Each structure stands twice: as C-alpha cells, then as structure tokens.
Amino acid sequence: MIKIKILLKKFYMNDTKQVAKDLLGKTLVRKIGTQILSGVITETEAYKGENDPASHASRKKTERNKIMFSEVGIAYVYFTYGMHYCFNVVAKKKNDKAGAVLIRAIQPQQGINHMIKNRKTDIISNLTNGPGKLTQAMQITLKQYNHDLTKKSSLFIIDGEKPNKIIAKPRVGIKIGVDKLWNFSYKI
DNA sequence: TCGCAGATTGCCT
DNA sequence: GGCAATCTGCGAA
C-alpha cells in the first residue's frame, strides 16, 4: 500500500530551479470522472521572472502570465503554436516575483488505455514524452488554468521517490536564454 | 534515419 | 502582423 501524500505549498515555496529538480520522480494525478490517469514526472524545465529572458514573465505582467506572479502550487496552462497546451506549476521563493516549472514529460502509470484513446496512438513511449503530448493524453486544457495542485481534486501531484541521477541540459524550444542549463531529466 | 515545413490560435509589439 | 516553452508527417538520402 503506497501512502498518498500530496505535495503542499511549502514544497513549491522554493527556488524555481530547485523545485524543478525536486519534481522529478513525483507523480502527476488526473481524475476524469471515475477514471484515474497518472504518470511519474521525468522531465521539467524552470522558468523564472525578470532575469530570465526566455520566460513569459520576463517582460511584464499580463493577463496570461499573471498567475506566475501569484500563489505557488497552482497550474499555469497556456496555449501555443495554435494547437498545443503546456502545463506548468507555479513555484518560487517567497521574495521572487515570478516563476514556474514546465512539466515536459511523464511516464504513464494508471489509465494508459485512456491516454491511448486521447492520443490516438498505441506507442507507449510516444504517449506523454513532450509538453504538448502529455496535456493531450491527460486532457489538460485552459480549464485547469489556475487550478490548485495542493488539494486532492481532479488534478494534483503526489510525493514519490527521488531519482539519483539528474541530468541538466539547456531548455528546449526557445531562442534566448539557452546558456542556462535549466532543463532537468533523469535516467530510469 | 534525419531534417524541415505545415498546422492553427492567441498573444505581444 | 509576426511569432510562439510543439508535434507530426513527408520527402530526401
């Protein structure tokens, strides 16, 4: 019997890069009616505020990115490239203005059949190995924008094993700020 | 196997 | 008006 322990606000009230690393090995849980979808987080990226030109929050506070300046432990979902959603968790130190961790990849655990139906592919390794893919597999949309992930509801993150080998790489898909090794993943 | 362009919407300049 | 924290399919080698 695995004890279910939801990560609390305190977990996210920390340096954005640190939380990005800490989230590796944790489990993302999505409830759709009685159906439960879950997966272990295997890749994340840190996006900070004013000193990070690649971050949405680097320029100024807008209607879209305002929750990166808001409370930690909530979901920041945005729509991009005309067809993809990306799922982030707001995480920052108390004195930081803004920050969020982009969840880039998970490893499916529960509800794999449901994910296959959502993704219209039966290749397991291709189900959730990208930010746009995992939101599609888990049916995460703008409805989850501003969702509180520290409460047991339709979407939350539970504690898990900390991986021993974390790899830092440049962030993917951006043109500026690529010198920063803020993409984190690990070998299974 | 690899690289590139198309899809397609909302945000920022 | 241009481009984005992406994915997929197609064509070339």
Side-chain angles (χ1 to χ4, degrees), chain A residues 12 14-24 26 28 30 37 39 41-70 72-92 96-108 112 114-147 149 155 157 166-186:
Chain A
Y12 302 101
N14 202 341
D15 182 73
T16 308
K17 295 198 299 289
Q18 188 59 46
V19 175
K21 281 188 260 189
D22 288 344
L23 274 173
L24 295 173
K26 308 290 190 252
L28 179 66
R30 170 88 168 109
L37 308 179
I41 298 170
T42 57
E43 188 181 351
T44 62
E45 268 173 28
Y47 284 89
K48 303 195 74 167
E50 46 193 358
N51 293 321
D52 181 7
S55 170
H56 289 166
S58 67
R59 294 180 185 271
K60 66 178 183 186
K61 198 163 155 181
T62 65
E63 199 53 33
R64 179 176 65 160
N65 67 27
K66 66 178 180 186
I67 66 170
M68 283 181 77
F69 297 81
S70 178
V72 298
I74 58 177
Y76 170 41
V77 182
Y78 66 88
F79 190 71
T80 190
Y81 293 108
M83 50 199 320
H84 292 292
Y85 295 101
C86 289
F87 173 61
N88 302 246
V89 186
V90 178
K92 58 196 166 72
D96 286 352
K97 282 186 183 157
V101 176
L102 169 68
I103 310 296
R104 285 193 63 84
I106 63 174
Q107 189 187 14
I112 292 179
H114 201 87
M115 296 187 197
I116 288 173
K117 222 170 76 185
N118 285 342
R119 293 273 298 118
K120 307 200 192 315
T121 175
D122 55 2
I123 303 164
I124 301 296
S125 64
N126 198 30
L127 280 180
T128 54
N129 62 333
K133 299 181 191 179
L134 79 89
T135 53
Q136 195 184 352
M138 290 206 141
Q139 292 179 222
I140 293 173
T141 68
L142 287 179
K143 282 181 188 164
Q144 276 69 49
Y145 181 90
N146 203 19
H147 186 96
L149 300 168
L155 184 65
I157 301 175
I166 294 177
I167 305 160
K169 288 188 289 200
R171 287 172 293 178
V172 176
I174 55 171
K175 288 179 177 165
I176 43 181
V178 290
D179 54 316
K180 295 178 170 59
L181 303 179
W182 288 357
N183 171 289
F184 303 105
S185 57
Y186 68 98

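In the text below, chain A, chain B and the rest are named by the order of the sequence lines, each starting its count at 1. This one's a predicted model, so the numbers in the text were calculated from it and none came from an experiment.
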Practice item. Using the P atoms only, state how far dA5(C) lies from dG3(B), rounded to an integer number of Å. Key: 22 Å

Practice item. For the residue pair Cys86(A) and Leu102(A), establish whether any side-chain heavy-atom pair is separated by less than 4.5 Å. Key: yes

Check your understanding: What integer distance in Å separates Phe87(A):CZ from dC7(C):P?
Key -> 15 Å

Check your understanding: Between atom NZ of Lys169(A) and atom CD of Glu43(A), what is the distance when rounded to the nearest 0.5 Å?
Key -> 5.5 Å

Study note, to complete from the structure: Rounded to whole Å, the CG-P distance (Asn183(A) to dA5(C)) equals 15 Å

Revision key, fill the gap. To the nearest angstrom, the CD-P distance between Glu43(A) and dA5(C) comes to 16 Å

Practice item. Would you kindly give the CE-to-P distance between Met83(A) and dG9(C), to the nearest whole Å? Key: 10 Å

**Study point:** Short side-chain N/O contact from His56(A) to OP1 or OP2 of dC11(B), under 4.0 Å
**Key:** no

Point to revise | Among Ile106(A), Asn126(A), Leu127(A), the one residue meeting side chain to side chain contact (heavy atoms under 4.5 Å, CB included) with Lys133(A) | key: Asn126(A)

Check your understanding: Within this structure, what is the OH-to-P distance between Tyr81(A) and dC11(B), rounded to whole angstrom?
Key -> 16 Å

Practice item. Quick one: label Leu102(A) by what it contacts on the DNA or RNA (base, sugar-phosphate, nothing), any heavy atom closer than 4.0 Å. Key: base

Practice item. On DNA chain B, check which nucleotide each of His84(A) and Leu142(A) is closest to and give me the residue with the more 5' one. Key: His84(A)

Review point. Between dA4(C), dA5(C), dC7(C), which one does the side chain of Tyr76(A) approach most closely?
Key: dA5(C)

Check your understanding: Hey, does the side-chain of Tyr78(A) have a donor or acceptor N/O within less than 3.5 Å of a partner on the base of dA5(C)?
Key -> yes

**Study point:** Integer-rounded Å distance: dC12(B) P and Glu63(A) CD
**Key:** 9 Å

Point to revise | Distance in Å, Thr42(A) OG1 paired with Lys26(A) NZ, rounded so as to fall on 0.5 Å steps | key: 14.0 Å

Practice item. Give none if dG10(B) has no partner; otherwise give the nucleotide forming a Watson-Crick or G-U wobble pair with it, both distances under 3.5 Å. Key: dC3(C)

Point to revise | 5′-ward residue of the pair Thr80(A)/Asn126(A) relative to DNA chain C | key: Thr80(A)

Check your understanding: Is any side-chain nitrogen or oxygen of Arg59(A) closer than 4.0 Å to OP1 or OP2 of dC11(B)?
Key -> no

Review point. Taking NZ from Lys133(A) and C1' from dT8(C), how many angstroms apart are they, rounded to a whole number?
Key: 9 Å

Check your understanding: How would you label the contact of Arg64(A) with the nucleic acid (heavy atoms, under 4.0 Å): base, sugar-phosphate, or nothing?
Key -> sugar-phosphate

Exercise for review: Go through dC12(B), dG10(B), dT6(C) for me and flag the one nearest to the Thr62(A) side chain.
Suggested key: dC12(B)

Check your understanding: Touch check for Gly132(A), heavy atoms < 4.0 angstrom, all strands: base, sugar-phosphate only, or nothing?
Key -> sugar-phosphate

Point to revise | Between dC11(B) (C1') and Asn65(A) (CG): distance, integer Å | key: 10 Å

Practice item. Salt-bridge test for Glu45(A) and Arg104(A): reply yes if a basic N is under 4.0 Å from a carboxylate O, no otherwise. Key: yes

